[in-house]
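Following: one structure in structure tokens, then a few remarks.
Within every chain, numbering begins at 1; the chains are lettered A, B, ... in the order of the sequence lines, protein sequences first and strands thereafter. Predicted model, so just to flag it, every value in this text is computed and none were measured.
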Amino acid sequence: MALKVFELYFKKGSMTTASENFNTSLGETSQVNDALRHPCYVSDFLTVGNCGDNLVPFIDIRKSDDVVAGAVFCEFKNGYKIVVDSVISTSEYTKTGITGAIPPYADRLEVVNLLPDYNIATGFFMSPSIKRFKFSIYSPNGENKTSEYFSSKFCPSNLKSINYFDFYLPASDDTYEKTVINLDWDVKSDGNIYTRAYMTFRTYTTLDGSQKNYTRAKQSIDDVKWSNEPFITQFSYYAHLIAIALYSNNAKETGKGDDPGGESTPGGQNGNFDDSSDNINVPELPTVTASSCGLVQMYEMNLSQTQALASYLWSGATEFYENISKMFNDPMDSIVSLSLAPIKPSVTAQKEISICKYAINEVTGFPLTSQYVQLNCGTVKIEPYWGNALDYSPYTKASIYLPFIGTQELNIDDVMGRTVGVVYNIDLLSGACTCHITSDGSVMYNFSGNVISQIPVSGKNALEMYKSVISAVTNTALAVGTGAGGVALAGEAVSNGLSVMGSKMTVQRGGTISATNGVLGVKFPYITILRANQSLPANFHYFKGYPSNISGKVSSFSGYTEVEYVHVTGVNATENEIEMIENILKEGFII
Amino acid sequence: MPGGVFMNLTFYVNHSERYALNKNITQVFQITGKLKENTDIINPVYILKKADNIQSVNYCFDVETGRYYFIQNVKKNIGGFWEIQCAVDVLMSFRDAINNLDIVVKRQENTYNTYLNDPEFKTYNYPRITQKKFPTGFTSESHIILTVAGGVN
């Protein structure tokens, strides 16, 4: 197995690998192969440094407590980082000490012959504390590259399922301050990274707590067993670090504009051609009403009945006011509202009016069976006039006037050729109404308004009424014209018709006609249609034809023809003649 | 095609439009003519020794090339011969193959759909205005609604 001298440099320093015949004076380097055995030089992602440099300061995490989610484990020279995702476990490992007979030496070469037989891989562990944590790899611009690394060619098969590190950490910084960790690595023909790690120690902590120095004999390096199993040695993450270093050096940053978006793929034409539609019905009126709650009562009254009520109220009605005053500061608050509605409510038999359980003598009214009422205004069929594209947007426009709402724009495409219906759902208590506009029976538009006009029974009522009138006037848009401008349809020149209709002003035909204002307005809905007025010469189709977009053999058509698409094949003509044929077919010919 | 070659020519009167695929032609005479040197089959020039009715024809067919030609110009050269300048009519010459071509039609005289947008539309500057009234509306008379507190009858 080939041994290589290789240094992995981290942001703060370097981690050294060593093998036979390395030069300890300076970082002797040699050509190495990457995980796929492509030749690369150490300088590809390393800077030359000293073999035997201390590892621990170059890994940001120094002690067990540093291993927390988000902590940076280490940072590569190329800006890639390995970050702690989450701690999986913390455990203790069996401590095994080195005999105290080894004297402390700072220089490993001085004790070359002292320990010829000692195999460090089998015996000694630096720290009892083992943190297992999941990690993520981040590129310099913050992209998470973890998945990409594991699925890349740079991650050996023996590491693909190992998404965590077992990191052996000292209890404090001191123990490792001067420790050197050496690593050999190689890539076998099976593509797996094999490592062997060994350390020359400046200090270590024995089981008896005394500080010792220890250095590793050079010739004993080969006694350290190679392994491709990440967990046999305490430096299980080394193989990953090497593989990640190789990956990161080859990974391409995805910058803005760099991503081509992937290759085009065929597809489409998989629509189900199902344009079936659900019918949206006009909603039913609510069944729970204010009257059914027992707190209000509504009556329809005629003029004589309201006059009788007024006469009663202004006649003194001492008992009435005394009783009502027990419940309301202002007895007139017991009369919730008196209003004019433009639609006949559903009522029951006439009876004496009761206000807060107190019957008003000789004043009667017709109790409403429901505060809600529906008005179906019927339908209108909108037929095409020209029988061509001019019947639709943008050549034709439509608007609808709705009583107690005002004029609203309609999309002519929604109603052309269809039966348009108008249905009002009305709340006679508040006057609120919702107008549903149906197209072939399905609700297409919904507008709201107010249908009742309040009759003030107090100064406060009158103020509210005036406010609503003023508000409605304020909301009324003056006739404002806006120039729409010609709108070119995709792929087509702007037709004269389009440019004419498009350049005309769009004028709003009215504002909010609601509540009191609505009483004074038109009481039935109507649709206004604005159509382009076509100018068409006689027999125009003979001279220029009409748009077709139909395919077939030439012989299946007759008359003036302009071809959109054709492949001129099977014609025994010269190239120039074929070109002439295609041009004539497209410019127009007569069959 | 080398000059000096004698071609069998049939001369016609063409009654149809230039861009008609199948032309209505009336034969007038047949004659042998020489193809002028340095001309091609698309724009050939034929030299006729004698042609009594040459002024009455506007169309010809060359048996050797198998093509129909419009007569674009007739000249009398120095030698007293008629020079007939022609331009190939590719439609008539290859009408059988053209009839068999598959096409997608853009505009057509008889097979069309007017609901396709037509850039040829022209309109007057004044529109047509129509109003349609719905059959039912609100009553012109108002109904008085009194709402009072207390709903117990």
- Top contributor to chain A contacts, counting heavy-atom pairs under 4.5 Å, from B:Asn110, B:Leu21, B:Asp102, B:Asn22: B:Asp102
- Between B:Arg128, B:Lys132, B:Arg95, B:Glu17, the one whose heavy-atom pairs under 4.5 Å with chain A are most numerous: B:Arg128
- Residue selection (most heavy-atom pairs with chain A, distance under 4.5 Å) from B:Thr130, B:Val90, B:Thr114, B:Ile145: B:Ile145
- Please name the pair of heavy atoms, one in B:Asn8 and one in B:Thr32, separated by the smallest distance, quoted to 0.1 Å. OD1-OG1, 3.5 Å
- Just give me the residue among A:Leu585, A:Thr379, A:Ile591, A:Asn576 that pairs up with chain B most often, heavy atom to heavy atom, under 4.5 Å. A:Thr379
- Task: Go through A:Pro537, A:Ser558, A:Gly421, A:Gly570 and name the one with the most non-hydrogen pairs under 4.5 angstrom from chain B.
- Result: A:Ser558
- Task: Using the six-membered ring wherever Trp is involved, compare the ring planes of A:Phe404 and B:Phe138 and label them parallel, tilted or perpendicular (cut-offs 30° and 60°).
- Result: perpendicular
- Query: Of the backbone (N, CA, C, O) and the side chain (C-beta and beyond), which part of B:Arg67 lies under 4.5 Å from a heavy atom of chain A, both, or neither?
  - Reply: side chain
- Is the centre of the A:Tyr560 ring less than 6.0 Å from the centre of the A:Phe543 ring? no
- Query: Picking from A:Gly545, A:Pro547, A:Gly378, which has the most non-hydrogen pairs under 4.5 angstrom with chain B?
  - Reply: A:Pro547
- Item | Over 12 non-hydrogen atoms of neighbours within 6.0 angstrom of CZ in A:Phe540 | yes
- Engaged part of B:Gln108 at the chain A interface, taking heavy atoms whose separation is under 4.5 Å: both
- Task: For residues B:Phe134 and A:Phe524, establish whether the separation of their ring centroids is below 6.0 Å.
- Result: no
